[in-house]
There are 2 protein chains.
Amino acid sequence: MDTTQRTDQQRSADRRRRELLEAADRVVLRDGPQASMNAIAAEAGITKPILYRHFGDKGGLYAALAKRHTDALLDSLRAALDAPADRRERVESTLDTYLAAIEARPQVYRFLMHPAEGGHAGDQGFDVGKHSAPLLRRMGEELATVIEERLDLGPGSQQLARVWGHGIVGMMHAAGDWWLGERPCSRAELVRSLADLLWGRLAAAGDKVGGPGF
Amino acid sequence: MDTTQRTDQQRSADRRRRELLEAADRVVLRDGPQASMNAIAAEAGITKPILYRHFGDKGGLYAALAKRHTDALLDSLRAALDAPADRRERVESTLDTYLAAIEARPQVYRFLMHPAEGGHAGDQGFDVGKHSAPLLRRMGEELATVIEERLDLGPGSQQLARVWGHGIVGMMHAAGDWWLGERPCSRAELVRSLADLLWGRLAAAGDKVGGPGF
DNA sequence: GCATGCTTGTTACTAGCGGTAACCCTAGTT
DNA sequence: AACTAGGGTTACCGCTAGTAACAAGCATGC
């Protein structure tokens, strides 16, 4: 049959696709998340319609691009999360892995945090909720499963784990974003502060004496 | 002098501005964050250039629009945060206030969470960092000051408070966003789960026996 | 009375975006 | 030689943000 030929063609197409993705990567890294299809096509040495033949629309290209980086980052995180160490160490190492990643490639990070970005108007009733970037969602779910697998949380553990997964990821994300913008302290200090927060130091701290009103 | 006249004109301009903002509000509430300037102008019964005269560009309009809602939400949050109750109660009530707000007007919430949205390309070296919505930043700073005012955190308290402020806000945001999309539990349960997380239940939980590998 | 300016509003345009239709050309098959 | 299949291009559509230029209404100064 045509199987051999088909795989041949498919291989060629896949290679082309990878090349295009790499070109897109370069452009996004240079121009940020609002890189235009024209610019990407030019970087790849071709013209727009080819991009559209490969990826359907801008969302498709961006999704493919995001998937690569998301998968890579999630692999690193999984490694930190599964390391044979005690819980606090694992938490700190996971936080540090994430923060190191966004520190090393902030443009990529910023690109990944964009929701759907496009969403041409016209469609009444846009999808409220699901505003977050897929990366955040995936990290949240991932963390949730690890928590649920590892920790004994009593009844309702699954739901609790999911809330915590998404909550912790959000904490990490927001703190990292703020930190990246202001750089108020070293990465290690940030990691330590966040771990302290998760370790209940907020609840354990004493009230300040002579506060306003008390 | 022309002070009286000036104030007269300024009043008129301010009133007009408010009207335009309310029209914009209606459109954003209907069409979502990607509402076009044309649509907003039409809703206000005028044409584009007037909008541009009042707000400069789309970013200006959106910033003005966001400021209104952000101020309103921050007022509610401050009230919950400053209530005369113990810490756990205040935390829960603040979380609940935020979640109730995003539950009640999800479109507005989604609009507020958008960063700058526009940012025409061309400017090389876009602002990495500062990706987050202004609302998140302001909430984070607000919470940080409250924490620093109220809690005795020892040395480095200011920096720690800021990390925690942004971290907690991010936790609240991400969990709320996920919850709004999936609705896996009631608001009260979500609040409780998040407060538990902040109260150190993650650190206190026991390891699961018979886990994979241990 | 009348020209001057100021605010409010319009029409008509530019430049660039995402996306697509139509065509072109070269390779390989029969 | 004729035909088909992909890879590739030009030229377009409809939309967007944003702007220039022009047209009133209405106060002021002389």
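Chain naming here is simple, since letters A, B, ... match the order of the sequence lines and numbering starts at 1 in each.
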Step-by-step salt bridge (Lys or Arg N to Asp or Glu O under 4.0 Å) determination, A/Asp177 to B/Arg137: CA-CA 10 Å; A/Asp177 192 79; B/Arg137 291 296 175 111; 2.8 Å; yes
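Each end of the helix from C/dG1-D/dC30 to C/dT30-D/dA1 yields a helix axis from five base pairs, and these two axes differ in direction by 30° (to the nearest 10 degrees).
The cationic group of B/Arg162 does not satisfy the cation-pi geometry with B/Trp164, failing either the under 6.0 Å distance to the six-membered ring centre or the 45° limit from the ring axis.
For the pair B/His54 NE2 and D/dG18 P, the computed distance is 16 Å after rounding to whole Å. The distance from atom NZ of A/Lys58 to atom P of C/dC17 is 9 Å, rounded to the nearest whole Å. With rounding to whole Å, A/Leu61 atom CG is found 15 Å from C/dC17 atom P. Counting to the nearest Å, the P atom of C/dG18 and the CD atom of A/Gln34 are 10 Å from each other. Straight-line distance from the CG atom of A/Asp31 to the C1' atom of C/dG16: 14 Å, rounded to whole Å. As rounded to whole Å, 17 Å separates atom C1' of D/dA17 from atom CD1 of B/Ile50.
For the side-chain hydrogen bond (donor to acceptor under 3.5 Å, both in side chains) test, no residue two or more places apart in sequence or in another chain qualifies with B/Ser76. Listed by chain and residue number, A/His166 satisfy the ring pair (Phe, Tyr, Trp, His ring centres under 6.0 Å) test with B/Trp178 (two or more places apart in sequence, or in another chain). With sequence neighbours excluded, no residue forms a side-chain hydrogen bond (donor to acceptor under 3.5 Å, both in side chains) with B/Arg192. Listed by chain and number, the residues in a side-chain hydrogen bond (donor to acceptor under 3.5 Å, both in side chains) with A/Glu22 amount to none (sequence neighbours excluded).
Residues from residues 36-49 of chain A that place a heavy atom under 4.0 Å from any atom of DNA chain C, listed by number: A/Ser36, A/Met37, A/Lys48, A/Pro49.
Contacts of B/Arg16 with the nucleic acid, taken as non-hydrogen atoms under 4.0 Å apart, involve only primed sugar atoms and P, OP1 or OP2.
Taking the six-membered ring for Trp, B/Tyr62 and B/Phe111 have ring centres closer than 6.0 Å.
Distances from the side chain of B/Tyr52 to the nucleotides C/dG9, C/dG18, D/dA17 place D/dA17 closest.
Within 6.0 Å of CD on A/Glu19 lie more than 12 heavy atoms contributed by other residues, nucleotides or ligands.
Between B/Leu74 atom CG and B/Glu141 atom CD the span is 11.5 Å, to the nearest 0.5 Å.
The residue among B/Asp57 and B/Arg53 whose nearest nucleotide of DNA chain D is located toward the 5' end is B/Asp57.
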